[in-house]
2 protein chains.
Amino acid sequence: MTGEARRPHTGRRRNEAARRAILDVAVDLLGRPGDTPVTIDTIAAAAGVGKQTIYRWWPSKGAVLLEAMAEHAGTAIPVPDTGTLRGDLEAFLTATFRAAGERLTATVLRHSMAEAQRDPHAREQMRALIETRRRVLRGILERGRERGEVSAGSDLDLMVDQAYGVLWYRILTGHAPLDDAQAAELARALSAQAG
Amino acid sequence: MTGEARRPHTGRRRNEAARRAILDVAVDLLGRPGDTPVTIDTIAAAAGVGKQTIYRWWPSKGAVLLEAMAEHAGTAIPVPDTGTLRGDLEAFLTATFRAAGERLTATVLRHSMAEAQRDPHAREQMRALIETRRRVLRGILERGRERGEVSAGSDLDLMVDQAYGVLWYRILTGHAPLDDAQAAELARALSAQAG
DNA sequence: CCTTTATCGAGACCAATCGTCTCGACAAGT
DNA sequence: ACTTGTCGAGACGATTGGTCTCGATAAAGG
């Protein structure tokens, strides 16, 4: 990631390779051990890019981090269809916890959420990303309701928040792990409370 | 909070009034509308205190914010004893959500959690505070288990995280409110999944 | 072709902010 | 009375987010 082959100039059009380098470097720096500073200057330097090239395309540092996070954590979690609510939940939550619990990803998520609390641009991107994720899980619950596995009185949004709440709470405080066992148990608990 | 009666000098001993002013001002500034900057300088100025008086007693800005939060949000939530798990949960969660959902408190919590992600001192204080809170709720669940209202297979720590997870997740993203109705529904859901 | 135009990398520059250090004043301890 | 630790005030250095400028480069467009 440090000074090798020169990036070809693309003249009047946006340099896509530079964009990639910036986003990749942002994630890479966040993952470095110790308290490596992740600043606009270090990102620009490591990506071999001028600061203006960053600010020409992103409104703030937080916006860069959030987009980097969205791409890094954007591994599409497949929407399962096992035939039962519990099965679907277990598959979805296991994949989700596994992705979010991975060390680098967890670090990126932590910093992104922190940044979203102070940078309005980042906050907006975070809200959109959160909303997208919530909708997917809510869809799984709605299918369960149509099958009669979720009682009519259940608050689906609250159930969604119980799942993602556990995820974020643990990522931010680090008091407990996010692993397959926890995902399975959460799936069991949620489907039990739904009936 | 701005320049009135002078604070009496206490000579060689710590000035408790100054300590109070610092912590109160920190919360007060966080609650100001708009993007009022909450910096060490503004805190010191508004509290009528020298910066050194802050750094003599706290290791970092984050540590000040976290202690201010701990005191502000430290309203002891009474541990209920209604005789049933659901009753206890509803009472506890209602009081908790009501406190955390209050505008100023929510703002303080948001900033504190963000600060905890970048300041090691704040992070440590946050961890301790989180742990204290979790223990109280876990105690309620354990009582329920002794009464046979919680199946042996239930993961109490996970249940605790479902509750506090919802709280923090909503405070940080702001996508849904924390009110009595949500607390009651969460109490219902958790006690349903426990049986 | 040759002019215009937008991006690029590099870095100077500004403003905000964290944290350190110094200073004179003051009062408790002795 | 002398020493010692805190107090309020503020200068100072370092870091960092964001703006601005500059020369180089290549696409657009007649």
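Residue numbers start from 1 in every chain, and the chains themselves are labelled A, B, ... in the order their sequence lines are given, proteins ahead of strands.
- Without hydrogens or angle criteria, B/Glu149 side chain to B/Leu85 main chain gives a donor-acceptor distance under 3.5 Å.
- For B/Pro37, the side-chain atoms get nearest to C/dT17 when compared with the rest of D/dA26, C/dG9, C/dT17.
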Check residues 46-57 of chain B and write down every donor-acceptor pair under 3.5 Å in which the side-chain atom is one partner and the other belongs to a residue at least two apart or another chain.
none

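- Contact annotation: side chain of A/Lys51 to base of D/dG18, donor-acceptor pair present below 3.5 Å.
- What you find for A/Arg14 and A/Trp58 is that their closest heavy atoms are NH2-CH2, 3.6 Å.
- Looking at B/Glu16 and B/Arg19, a side-chain N of the basic residue comes within less than 4.0 Å of a carboxylate O on the acidic one, giving a salt bridge.
- As rounded to whole Å, 13 Å separates atom P of D/dT6 from atom CD1 of B/Ile22.
- Residue A/Tyr55 places its side chain closer to D/dT19 than to any other of D/dT19, D/dT16, C/dC18.
- Contacts between residues 56-73 of chain A and DNA chain D, counted as heavy-atom distances below 4.0 Å, involve A/Ser60, A/Lys61.
- When the nucleotides C/dC8, D/dT16, C/dG29 are ranked by their closest atom to the side chain of A/Thr39, D/dT16 comes out on top.
- When rounded to the nearest whole Å, the span between CD1 of B/Ile54 and P of D/dG10 equals 14 Å.
- Here C/dA10 is the nucleotide among D/dT4, C/dT22, C/dA10 with the atom lying nearest to any side-chain atom of A/Arg6.
- Distance, B/Arg14 CZ to D/dG8 P: 11 Å, rounded to whole Å.
- Salt-bridge check for B/Arg138 with B/Glu142: passed, with a basic side-chain N closer than 4.0 Å to an acidic carboxylate O.
- Taking only side-chain atoms of A/Arg13, from C-beta outward, the nucleotide of C/dG9, D/dA27, D/dA24 with the closest atom is D/dA27.
- A donor N or O paired with an acceptor N or O is found under 3.5 Å between the base of C/dC21 and the side-chain atoms of B/Gln52.
- Test B/Thr107, B/Val108, B/Leu109 against B/Ile171 for side chain to side chain contact (heavy atoms under 4.5 Å, CB included) and you get one pass: B/Leu109.
- Position along DNA chain D of the nearest nucleotide to B/Thr10 versus B/Asp41 favours B/Thr10 as the more 5'-ward residue.
- Residue B/Ile40 is the one, among B/Arg12 and B/Ile40, whose nearest nucleotide of DNA chain C lies closer to the 5' end (criterion: closest heavy atom).
- Distance from the side chain of B/Thr53 is smallest for D/dC7 among the nucleotides D/dC7, D/dG18, C/dT5.
- Between the side chain of A/Tyr164 and the backbone N or O of A/Arg133, at least one donor-acceptor pair lies under 3.5 Å.
- For the pair A/His9 NE2 and C/dG9 P, the interatomic distance rounds to 7 Å; values are reported in whole Å.
- Per the geometry, CZ belonging to A/Arg7 stands 5 Å off P belonging to C/dG9, to the nearest Å.
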